Amino acid sequence: MRFHVLTIFPAMFDGPLSESIIARAVERGLVEIHLHDIREYATDRHRSVDDYPYGGGYGMVMKPEPIFDAVRSVKSGADLADDTPITLLTPQGTPLTQRIVEQMATNEDIILICGRYEGVDGRVAENLATCEISVGDYVLSGGELAAMIVIDAVTRLIPGAVGSIESTQDDTFSTGLLQFPQYTRPALHEGSEVPEVLLSGNHAEIERWRRRESLRRTALRRPDLLESADLSVEEWEFVEALCEEQD
Ligand code: ADE
């Protein structure tokens with residue numbers, strides 16, 4: 001899988017992409033991350049990538065031409081399919097979810113456009129990007145960190161990137177629920193014990209306990225997720241009992 005990232009701050013990617021799972025996935029040839037400096041596509045002598053907003057107001061807006069030219073150049077240079085997804089990272093986008101990440105991981109190539117300053121000329125979203133993604137209801141100083149979040153979340157789903165594919169199947173959100181709590185040695189830490197069932201070696205009991213803890217956490221912290229989760233009648237009863245306890 002190849003990520004083609006358009007940014008005016010390519011150096012921001014150096015640290016995060018050179019560590020841990022992403023670095024390993026790159027080393028193993030599972031992913032390629034190509035960084036393209038939008039400024040190289042600026043045509044005026046100041047190499048400007050932004051300009052004042054029409055209609056007035058504060059701040060600067062990223063110009064459309066360098067972004068359109070960069071996408072055209074990347075598409076022809078890397079021989080990308082016409083329908084390669086082009087994602088604009090922006091706080092106005094669709095909130096990123098694990099479902100969207102899973103869908104993204106099915107692509108061979110993804111173009112990520114990092115916006116900066118107070119915004120990006122509207123024609124980039126209207127006529128170039130195929131989708132707009134936000135990584136949360138808060139405003140970052142640019143799309144670079146958001147693009148790194150996308151790259152990280154997608155890369156760990158690529159077979160071979162994470163130790164075992166099963167370890168991503170238990171993830172929070174993959175099951176539609178928050179993940180159960182995890183523990184490691186020591187069994188007793190500063191007076192606090194690991195739940196006994198986890199030491200029992202009884203795998204069926206452990207699975208049952210984990211599922212209930214997932215349900216408990218989700219019901220208490222993110223009840224909104226329960227609506228689309230796949231629960232048995234018994235599990236719904238368990239959740240309802242928990243909610244009544246809370247009231
Ligand atoms: N750029 C600035 N804030 C952002 C956000 N929350 N998500 C994606 N891109 C952004």
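This is a predicted model, so every value here is computed, not measured.
In this structure, CG in Leu140 is found 6.5 Å from CD1 in Ile149, a value given to the nearest 0.5 Å. In this structure, Asp109 CG and His4 NE2 are separated by 3.5 Å, a value rounded to the nearest 0.5 Å. Separating the OG atom in Ser73 from the CD atom in Glu40 is a distance of 9.5 Å, to the nearest 0.5 Å. One distance of note links CZ of Arg185 with CG of Leu199; it measures 11.5 Å at 0.5 Å rounding. Rounded to the nearest 0.5 angstrom, Leu231 CG and Leu177 CG are separated by 6.0 Å. Atom OG1 in Thr130 sits 10.0 Å away from atom CG in Leu88 (nearest 0.5 Å).
Both Tyr138 and Leu89 are assigned to one and the same hydrophobic cluster, defined by single-linkage of ILVMFWY side chains at heavy-atom distances under 4.5 Å. Under the 4.5 Å side-chain heavy-atom criterion for Ile, Leu, Val, Met, Phe, Trp and Tyr, Leu178 and Leu242 are members of distinct hydrophobic clusters. Val239 and Phe180 sit in two unconnected hydrophobic clusters of ILVMFWY residues. Membership requires side-chain heavy atoms under 4.5 Å apart, directly or through other members. Residues Ile158 and Val150 share a hydrophobic cluster, clusters being chains of Ile/Leu/Val/Met/Phe/Trp/Tyr side chains in contact below 4.5 Å. Val74 and Leu17 end up in the same hydrophobic cluster when Ile, Leu, Val, Met, Phe, Trp and Tyr side chains are linked at under 4.5 Å.
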Could you go through Phe3 and Thr155, starting from their C-alpha distance and side-chain angles, then the distance that decides it, and tell me whether this counts as side chain to side chain contact (heavy atoms under 4.5 Å, CB included)? CA-CA 10 Å; Phe3 296 97; Thr155 297; 3.6 Å; yes

Passes side chain to side chain contact (heavy atoms under 4.5 Å, CB included), Ile33 versus Ile22? Steps please. CA-CA 10 Å; Ile33 300 164; Ile22 300 182; 3.7 Å; yes

Go through the steps for Arg116 and Asp50 under the test side chain to side chain contact (heavy atoms under 4.5 Å, CB included), then give the verdict. CA-CA 9 Å; Arg116 271 266 141 183; Asp50 60 339; over 6 Å; no

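No side-chain heavy atom of Asn202 sits under 4.5 Å from any side-chain heavy atom of Val197. Looking at heavy atoms from C-beta onward, Leu145 lies in side-chain contact with Met12 at the 4.5 angstrom threshold. Side-chain contact check for Val31 versus Val154: every heavy-atom pair is 4.5 Å or farther apart. For the pair Lys75/Ile86, a side-chain contact is recorded, criterion being any heavy-atom separation below 4.5 Å from C-beta on. With contacts defined as side-chain heavy-atom distances shorter than 4.5 Å, the pair Met60/Val49 does not qualify. Here the side chains of Pro66 and Arg47 are not in contact, with every heavy-atom distance at 4.5 Å or above. Taking the side chain as every heavy atom from C-beta outward, Phe13 and Val5 approach each other to under 4.5 Å. Contact of the Ile110 side chain with the Met104 side chain is registered, since non-hydrogen atoms from C-beta on lie closer than 4.5 Å.
Listed here is the closest heavy atom pair of Arg156 and Ala153: CG-O, 3.5 Å. Summarising the geometry of Thr87 relative to Ile133, their closest heavy-atom pair is CG2-CG1, 3.6 Å, with the distance given to 0.1 Å. Counting all heavy atoms, side chain and backbone alike, Ile100 lies closest to Pro95 at CD1-O, 3.5 Å. Ala229 approaches Gly176 most closely through the heavy-atom pair CB-O, 4.0 Å. Residue Ser214 comes nearest to Gln179 through the heavy atom pair OG-C, 3.8 Å, listed as atom of the first residue, atom of the second, then distance. Nearest heavy atoms, Ser48 versus Lys63: O-CD, 3.8 Å.
With a 6.0 Å radius and a threshold of 12 heavy atoms from other residues, nucleotides or ligands, Asp230 has its CG atom at or below the threshold. Taking a 6.0 Å sphere around CZ of Arg28, one finds it holds more than 12 heavy atoms contributed by other residues, nucleotides or ligands. For Gln182, the CD atom counts as densely surrounded, since its 6.0 Å shell holds more than 12 non-hydrogen atoms of other residues, nucleotides or ligands. A 6.0 Å sphere centred on CD of Glu126 holds more than 12 heavy atoms belonging to other residues, nucleotides or ligands. Under a cut-off of 6.0 angstrom, the local environment of CG in Asp137 is sparse, with at most 12 non-hydrogen atoms contributed by other residues, nucleotides or ligands.
Between Arg210 and Glu213, no side-chain nitrogen of the basic residue sits less than 4.0 Å from a carboxylate oxygen of the acidic one, so the salt-bridge criterion is not met. One finds no salt bridge joining Arg39 and Asp37 here, because no Lys/Arg side-chain nitrogen approaches an Asp/Glu carboxylate oxygen to under 4.0 Å. Using a 4.0 Å cut-off between charged side-chain N and carboxylate O, Arg24 and Glu27 make no salt bridge.
For the pair Thr84 (side chain) and Ala81 (backbone), a donor-acceptor distance under 3.5 Å is present.
Cation-pi geometry between Arg212 and Phe238 is met: the NZ or CZ atom falls under 6.0 Å from the ring centre, inside 45° of the normal.
Looking only at atom types and distance, the side chain of Glu234 has no donor-acceptor partner in the side chain of Ser232 under 3.5 Å away. Side-chain contact check for Glu132 and Thr90: no donor-acceptor pair (N or O, by modelled atom type) lies under 3.5 Å.
The aromatic rings of Trp209 and Tyr183 sit tilted relative to each other, their planes meeting at an angle between 30° and 60°.
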